[in-house]
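Okay, so here's the structure we're looking at.
Atoms within each ligand, like the ligands themselves, are counted from 1 in listed order.
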Amino acid sequence: MEHDSEFDIVLWGATGFTGRLAAEKLAARMGNRGDLRWAIGGRGREQLETVRSRLGPAAADIPVIMGDNHDMASLEALVARTRVVCSTVGPYDLYGSELVDACVRSGTHYCDLAAEPLWIRKMMDLHGAEAAETGARIVHACGMDSIPSDLGVYFLQQRAMQLYGKPCSRVKMRVTELRGGFSGGTAASLLHGTDPELRTPEMGRAMTDPYYLAPEGHRQGPDEADDMRSTKVEYDEDMGAWTKPFFMGPMNSKIVRRTNALLGYPYGDDFRYDEARVVGDGLSGRIKAKAEALGYVAFLASASAPTTRSLLRKYVLPASGEGPDEETRHSGQWKIVLVGMMEDGPMVKAFVSGEGDPATDSTTRMLIETAISLAEDADEIPVGGGSWTPAAAMGDLLLDRLTENAGLSFEFEPTSTVAGYASATS
Ligand SMILES: NC(=O)c1ccc[n+]([C@@H]2O[C@H](COP(=O)([O-])OP(=O)(O)OC[C@H]3O[C@@H](n4cnc5c(N)ncnc54)[C@H](OP(=O)(O)O)[C@@H]3O)[C@@H](O)[C@H]2O)c1
C-alpha cells in the first residue's frame with residue numbers, strides 16, 4: 001500500500017522519559033536536514049510543546065500531533081499522516097494494541113520498545129497476516145531488549161559463515177558490563193508483567209516457552225524452558241568467571257530464535273542459544289553471583305505480592321516520566337560477548353558494545369535508528385509487510401546504521417581458543 005504521507009516518522013509518546021530522550025536524539029540526528037520529515041506526538045499538547053521547545057532551533061517548527069492510544073479515530077488520523085510510527089507509549093499490553101492495529105490496516109510501518117512476549121505474540125497472531133497484505137512492517141523490541149542480542153547473533157553468524165562456510169550451532173551470549181539505570185515505563189512494565197491478578201496459563205507459557213515467539217509451526221527446538229526465577233550460578237570456562245541468570249535473557253532469546261525461524265534457519269534448525277550475566281572470578285565471584293541471583297528473585301517476589309508491590313511503586317521504583325539523571329545516563333555503558341561454537345569447528349566470538357545508559361540513552365539511539373531505517377531504507381529492506389524482528393527485517397542495513405550513528409560497535413574474533421574474563425571486559 002503506497003502512502004502519500006505528510007511525515008516520514010512520527011515519534012509517538014514524546015512526553016515520556018524515553019520519548020523525550022528519543023526526541024532529543026532524533027533532533028540531533030536530523031539537524032538541519034529537511035529531507036526527512038518528522039513530528040512528535042502524544043496526548044498532552046502543552047507537554048509536547050515543552051518537549052519541542054527543548055529540542056533546539058532546527059526542530060523549533062516540527063509539528064505536534066495529538067491523539068490518545070485508546071481513541072481509534074485519533075490513531076487512524078495519525079497513521080494516515082506518516083510512513084513510520086515510532087512508539088514509546090508503554091507498557092504496550094496496556095496501551096499499544098490499538099496503535100498496532102491502526103498501523104497494520106493502513107500499511108504504516110511501526111517500531112517500538114516492547115519487551116513483553118505475551119503482547120508481542122498477541123500482535124503477531126492478530127495482525128501478522130494482514131500486515132503482509134498491507135505492507136506494514138511491524139518491528140518490536142528495538143531497544144536494549146533485544147537489538148544487541150538479535151543483531152549480535154546475526155553479525156556473528158554472518159562472519160562465521162563467510163569464514164568457515166557454516167554457522168555456529170550453539171551461541172552463548174554473556175553480558176560483561178551493564179552500567180546505568182531505568183525509567184518509569186520499564187518499572188511499569190515490570191509491575192504489569194508480575195501482576196498476580198493477570199497471571200494466566202498463557203502468561204506462564206509466554207515466560208517459559210523458549211520458542212513462544214517463533215512463527216506458528218516452528219515452535220520447537222533443542223533449547224530448554226526458560227526459568228525467570230532461576231538462581232543458578234555457573235562457572236563459565238570460556239569467560240573464566242562465574243555467571244548468574246541474565247534477567248533479560250528469556251526475552252532476548254525468544255527474539256533471536258524468532259529471527260532464525262523467520263529467515264529460514266540460517267543458524268541451523270538445531271541452533272541453541274542462551275544468555276547469562278558475567279559476575280566475577282574466584283570464590284568472591286561465586287558468592288556475589290549467588291547473592292545477586294537470590295536478590296533478583298526476591299525482588300520479583302516482592303513485585304508479585306500485593307503489599308510489597310504497592311510499596312515498591314510508591315517508594316522505590318521511578319514513576320512515569322522519571323528516570324536516571326544525566327550523569328548516570330552519560331556515564332552508562334554496556335558490553336556483551338557472543339561465543340559461537342561449531343560442530344568440529346573453531347570457537348568464534350563477537351564483541352558488541354554501546355555508549356550511554358543501556359536502558360535509556362543507548363536504547364533510544366537504537367530505537368530511532370530503527371525508525372530511520374524503516375523510513376529511509378524502505379526500498380532496500382528485503383522483506384515485505386509482516387511482523388518482524390530487527391535482524392530479520394533490516395539486518396545489515398540496521399547494523400550499519402547502529403555502528404555509524406548509535407554508538408554501537410560490533411567486532412568479530414575469528415578463532416579463539418583461550419578466552420578469559422579479562423579479555424572480555426577490557
Ligand atoms: N526494551 C527496552 O530496552 C526498553 C528500555 C526503556 C523503556 N522501555 C519501554 O518503553 C516504554 C516507555 O517507557 P518510559 O519510561 O518512557 O515510560 P513513561 O515515562 O511512563 O512514558 C509513557 C508515555 O506514554 C504516554 N501515554 C500513556 N498513556 C497514553 C495514552 N492513552 N495515549 C497516548 N499516550 C499515552 C505518556 O503520555 P503522558 O506524558 O501524557 O502521560 C508518555 O508519553 C515502556 O513500555 C518501557 O518498558 C523499553
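Here's the thing with Gly42: none of its N/O atoms is less than 3.5 angstrom from an N/O atom of ligand 1. The N/O atoms of Gln47, backbone and side chain alike, include none that comes under 3.5 Å of an N/O atom in ligand 1. Between Thr15 and ligand 1, a contact under 3.5 Å exists for at least one N or O pair. Checking only distances, Gly143 never comes within under 3.5 Å of ligand 1, N or O to N or O. Of the polar atoms of Tyr95, none of the N or O atoms is found under 3.5 Å from an N or O of ligand 1, judged by distance alone. Below 3.5 Å of separation, one finds an N or O of Thr18 facing an N or O of ligand 1. At least one N or O atom of Gly13 sits closer than 3.5 Å to an N or O atom of ligand 1. For a threshold of 3.5 Å applied to N or O pairs, the pair formed by Glu322 and ligand 1 contains no separation below that value. Every N/O-N/O distance between Ala359 and ligand 1 stays at or above 3.5 Å. No N or O atom of Glu116 sits closer than 3.5 Å to an N or O atom of ligand 1.
The Tyr92 neighbourhood of ligand 1 comprises atoms 45 (O), with distances under 4.0 Å to a heavy atom of that residue. Interface atoms of ligand 1 facing Asp68, defined by a heavy-atom separation under 4.0 Å, are 30 (C), 31 (N), 32 (N). Per-residue contacts place Met144 under 4.0 angstrom from the following atoms of ligand 1 (heavy atoms of the residue considered): 3 (O). Near Gly184, meaning under 4.0 Å from any of its heavy atoms, are these atoms of ligand 1: 15 (O).
Looking at Thr363 against ligand 1, only its side chain comes within 4.0 Å, counting heavy atoms. Heavy atoms from both the backbone and the side chain of Ser320 come within less than 4.0 Å of ligand 1.
For the salt bridge (Lys or Arg N to Asp or Glu O under 4.0 Å) test, residues two or more places apart in sequence or in another chain that qualify with Asp226 are Lys254.
When atom types are taken as modelled, the side chain of Ser146 and the backbone of Ser149 share no donor-acceptor pair closer than 3.5 angstrom.
Closest heavy-atom approach to atom 29 (C) of ligand 1 among the candidates Arg20, Arg43, Met366, His192: Arg43. Here atom 35 (C) of ligand 1 lies nearest to Val89 when heavy atoms of Asp71, Thr186, Val89 are compared. Looking at Ser183, Pro91, Pro148 and measuring to atom 15 (O) of ligand 1, the nearest heavy atom belongs to Ser183. When Gly16, Ala14, Ser189 are ranked by how near their heavy atoms come to atom 42 (C) of ligand 1, first place goes to Gly16.
The protein atom (non-hydrogen) at minimum distance from atom 2 (C) of ligand 1 is Asp145 OD2, 3.2 Å. Among protein heavy atoms, the minimum distance from atom 32 (N) of ligand 1 is reached at Asn69 N, 2.9 Å. Among protein heavy atoms, the minimum distance from atom 11 (C) of ligand 1 is reached at Thr88 O, 3.7 Å. Protein heavy atom nearest atom 13 (O) of ligand 1, with residue, atom name and distance: Gly185 CA, 3.3 Å. At the top of the distance list for atom 48 (C) of ligand 1, counting protein heavy atoms only, stands Leu113 O, 3.3 Å.
In Asp35, the CG atom is crowded: over 12 heavy atoms of neighbouring residues, nucleotides or ligands sit closer than 6.0 Å.
For His140 and Trp388, the gap between ring centers reaches or exceeds 6.0 Å. For Tyr296 and Phe247, the gap between ring centers is short of 6.0 Å.
Tyr211 carries Arg257 over the face of its six-membered ring, with the cationic atom under 6.0 Å from the centre and within 45° of the normal.
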*asked:* Using the rule given for salt bridge (charged side-chain N to carboxylate O under 4.0 Å, His left out), can you reason through Arg329 versus Asp325, listing the C-alpha separation, both sets of side-chain angles and the distance that settles it, and then say yes or no?
replied: CA-CA 6 Å; Arg329 286 192 284 105; Asp325 61 25; over 6 Å; no

_Could you walk me through whether Trp12 and Asn69 satisfy the side chain to side chain donor-acceptor pair (under 3.5 Å) test, starting with their C-alpha distance in whole Å, then the side-chain angles of each, then the deciding distance to 0.1 Å, before giving a yes or no?_
CA-CA 10 Å; Trp12 192 246; Asn69 273 36; 2.6 Å; yes

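No hydrogens or angles considered: nothing links the side chains of Arg121 and Ser387 as a donor-acceptor pair under 3.5 Å. Counted by atom type alone, Thr259 and Asp150 present one or more donor-acceptor pairs between their side chains at under 3.5 Å. Counting only N and O atoms by type, the side chains of Asp400 and Thr403 include no donor and acceptor under 3.5 Å apart.
Taking 4.0 Å as the cut-off between side-chain N and carboxylate O, Glu380 and Arg401 do not count as a salt-bridged pair. For the pair Arg37 and Asp8, the salt-bridge criterion is met [side-chain N within less than 4.0 Å of a carboxylate O].
Listed by first then second residue, pairs satisfying side-chain hydrogen bond (donor to acceptor under 3.5 Å, both in side chains) with a partner in residues 41-56 number zero, not counting sequence neighbours.
The side-chain contact (heavy atoms from CB on, under 4.5 Å) with Tyr110 is formed by just one residue from the set Val79, Leu99, Leu374; it is Leu99. Remark: of the listed residues Asp236, Asp238, Thr243, Asp236 is the sole one forming a side chain to side chain donor-acceptor pair (under 3.5 Å) with Arg174.
Residue Gly321 places a heavy atom less than 4.0 Å from ligand 1. Taking a 4.0 Å cut-off on heavy atoms, Gly44 fails to register as neighbouring ligand 1.
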